[in-house]
Structures are given as structure tokens and as C-alpha cells.
Amino acid sequence: MAVNYATVTWDQLHRDARILAEALVPKMPFKGVVAVTRGGLIPAAIIARELNCRLVETISVVTYDEEERGKPTIIKSPDAAGDGEGFLVIDDLVDSGVTARVVRERLPKAYFACLYAKPAGMKLTNHFVVEVPQDTWVLFPWDTAPLFVPPLASKTMDKAD
Ligand SMILES: O=P(O)(O)OC[C@H]1O[C@H](OP(=O)(O)OP(=O)(O)O)[C@H](O)[C@@H]1O
């Protein structure tokens with residue numbers, strides 16, 4: 001169960017995607033990029049731009065059924081990527097590793113990279129940028145919005161009332 005939150009802003013995400021792209025330069029050229037939807041879509045777009053990859057494929061793995069964890073299923077296959085040879089797979093986060101395991105089974109020859117990785121799944125990646133503690137829930141910019149936060153002084157005054 002997640003007990004901590006780590007908020008990632010658009011700027012941080014862009015910076016981390018560029019850091020990942022730079023680390024991948026020695027692995028070039030790639031035939032194309034496979035984005036793990038949906039979280040991998042925006043990181044993959046940034047990295048495809050940096051690495052000059054025009055071919056962008058997607059794979060969609062559905063892991064959760066309602067609130068309960070279900071059997072992971074590929075609902076969109078990355079047909080253009082074959083067995084993954086020469087392709088770069090990009091996801092935003094590897095958490096338990098369930099999604100990454102399914103993707104790797106489908107694309108065994110691909111290079112798998114992500115921005116953030118938790119200990120339970122990080123061994124399934126070829127490269128990641130930032131390690132995140134297992135109990136931390138990463139809040140991505142597409143999942144969040146700025147909210148008004150009351151000043152500390154007003155909270156103190158409320159207590160005094
Ligand atoms: O390592 P795991 O425990 O499998 O978790 C990681 C996966 O979870 C998130 O996707 P999610 O299933 O939330 O779907 P989404 O990207 O469409 O929101 C994330 O984008 C990864 O693909």
C-alpha cells in the first residue's frame with residue numbers, strides 16, 4: 001500500500017526524459033520506439049524526438065480489472081516491432097514489474113528503458129533514470145492539477161479559534 005507521494009512536474013518529466021535519451025545515445029541506432037501505453041506515450045514522444053526515431057509503435061497491457069489486480073493482457077500488439085530486435089521500449093514507470101514482464105515476453109529482443117523504477121521491478125529494465133521507493137506513489141503531470149493550498153498562518157489561526 002502506497003504511503004508516500006512523489007509529484008513529477010512537466011519540467012521534471014521532460015528533464016528526466018532527456019536524461020534517458022542521452023543515456024541511450026550509445027545504443028543508437030534504433031529501428032523505432034515502442035511506447036507502453038498510456039504512461040509511456042509522452043516519454044516515448046520526447047525520446048523519439050531526441051533520438052530521431054520516426055517509427056513509433058505502441059503496446060497496451062491491461063493489468064488492472066476494476067479495483068482488483070487481474071491477469072495482465074495485451075490488448076494492442078506492437079506488430080511493427082516484430083520480436084523487438086533493434087527497437088527501444090519506453091515506459092514511464094516500472095512498479096511491480098508485471099507490465100514489463102509481459103512486454104519483454106512479447107518483445108524479447110527489444111531494449112527496455114523507463115524513467116522511474118521501483119525495486120520490485122527494476123531488474124526487468126535495461127535502463128532507468130530514477131529509483132523510487134516501493135511505498136511511494138508517483139503522481140505524473142497528466143494525472144494532477146494545481147490546487148489552492150491555504151496559507152500556514154490561516155491554519156494556525158483556525159486552531160486558535
Ligand atoms: O510494474 P507494474 O506494477 O506493472 O506497473 C507499471 C505500469 O503501471 C502504469 O500503467 P497503468 O497500468 O497504470 O496504465 P496507464 O499507463 O494506462 O495508466 C505504468 O505506466 C506502467 O505501465
Side-chain angles (χ1 to χ4, degrees), residues 1-24 27 30-51 53 55-85 87-147:
M1 196 70 178
V3 293
N4 298 309
Y5 294 92
T7 301
V8 177
T9 65
W10 286 112
D11 279 354
Q12 285 172 328
L13 185 100
H14 202 168
R15 180 203 62 194
D16 289 337
R18 281 179 163 149
I19 289 170
L20 179 54
E22 201 162 339
L24 294 170
K27 305 285 178 191
F30 292 103
K31 290 180 192 166
V33 173
V34 179
V36 183
T37 68
R38 295 159 302 179
L41 284 168
I42 290 170
I46 295 166
I47 288 158
R49 185 265 182 186
E50 295 298 332
L51 302 186
C53 287
L55 198 172
V56 179
E57 190 32 304
T58 58
I59 180 170
S60 181
V61 181
V62 175
T63 309
Y64 298 102
D65 184 17
E66 303 292 338
E67 292 299 310
E68 293 181 21
R69 197 168 191 89
K71 186 171 171 251
T73 309
I74 296 174
I75 62 164
K76 194 276 174 184
S77 191
D79 294 337
D83 62 4
E85 187 168 12
F87 276 79
L88 170 66
V89 177
I90 296 290
D91 207 348
D92 55 347
L93 169 74
V94 168
D95 189 331
S96 67
V98 168
T99 304
R101 192 169 287 112
V102 171
V103 171
R104 296 200 75 135
E105 281 168 9
R106 175 61 185 77
L107 299 167
K109 294 191 175 172
Y111 192 90
F112 190 107
C114 62
L115 300 182
Y116 311 112
K118 296 188 186 182
M122 64 173 54
K123 286 199 174 76
L124 290 158
T125 73
N126 294 114
H127 195 88
F128 63 89
V129 179
V130 180
E131 178 178 343
V132 177
Q134 199 66 43
D135 66 357
T136 297
W137 188 265
V138 181
L139 293 171
F140 288 95
W142 47 83
D143 287 328
T144 58
L147 288 175

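The analysis underlying the following values was restricted to heavy atoms, covering all of them including side chains, and did not include hydrogens, waters or symmetry mates. Residue numbers run from 1 in the order of the sequence given. Indexing begins at 1, ligand by ligand and atom by atom, following the structure's order.
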Backbone of T136 reached by a side-chain donor or acceptor of K118 within 3.5 Å: yes
Can you confirm, on distance only, whether ligand 1 has an N/O atom lying under 3.5 Å from any N/O atom belonging to G39? yes
Candidate pair N126 and R104, rule side chain to side chain contact (heavy atoms under 4.5 Å, CB included), full reasoning: CA-CA 11 Å; N126 294 114; R104 296 200 75 135; 3.3 Å; yes
Ligand 1 contact by A100, heavy-atom criterion under 4.0 angstrom: no
Which atom pairs, donor and acceptor, lie under 3.5 Å between side-chain atoms of residues 35-45 and protein residues at least two apart or in another chain?
from, atom 1, to, atom 2, distance (Å)
T37, OG1, I59, O, 3.4
T37, OG1, S60, OG, 3.3

Heteroatom proximity flag, G97 to ligand 1, N/O under 3.5 Å: yes
In terms of atom number and element, which parts of ligand 1 are under 4.0 angstrom from non-hydrogen atoms of S96? 1 (O), 2 (P), 3 (O), 4 (O)
Please work out whether any backbone atom (N, CA, C, O) or any side-chain heavy atom from C-beta onward of T99 is under 4.0 Å from ligand 1, and answer side chain, backbone, both or neither. both
Ligand-residue contact atoms, ligand 1 with L93, heavy atoms, under 4.0 Å: 6 (C), 7 (C), 19 (C), 21 (C)
Only one of I19, L13, D91, V130 clears side-chain contact (heavy atoms from CB on, under 4.5 Å) with L115; which? L13
Contacting atoms of ligand 1, where contact means under 4.0 angstrom from a heavy atom of D91: 20 (O), 21 (C), 22 (O)
For K31 and E85, work out which heavy atoms get closest and say how close. NZ-O, 3.2 Å
Would you kindly specify which portion of D95 sits under 4.0 Å from ligand 1, judged on non-hydrogen atoms: side chain, backbone, both or neither? both
What side chain to side chain donor-acceptor pair (under 3.5 Å) pairs are there with at least one residue in residues 75-84, not counting sequence neighbours? E57-K76, T58-K76, S77-D79, S77-R106
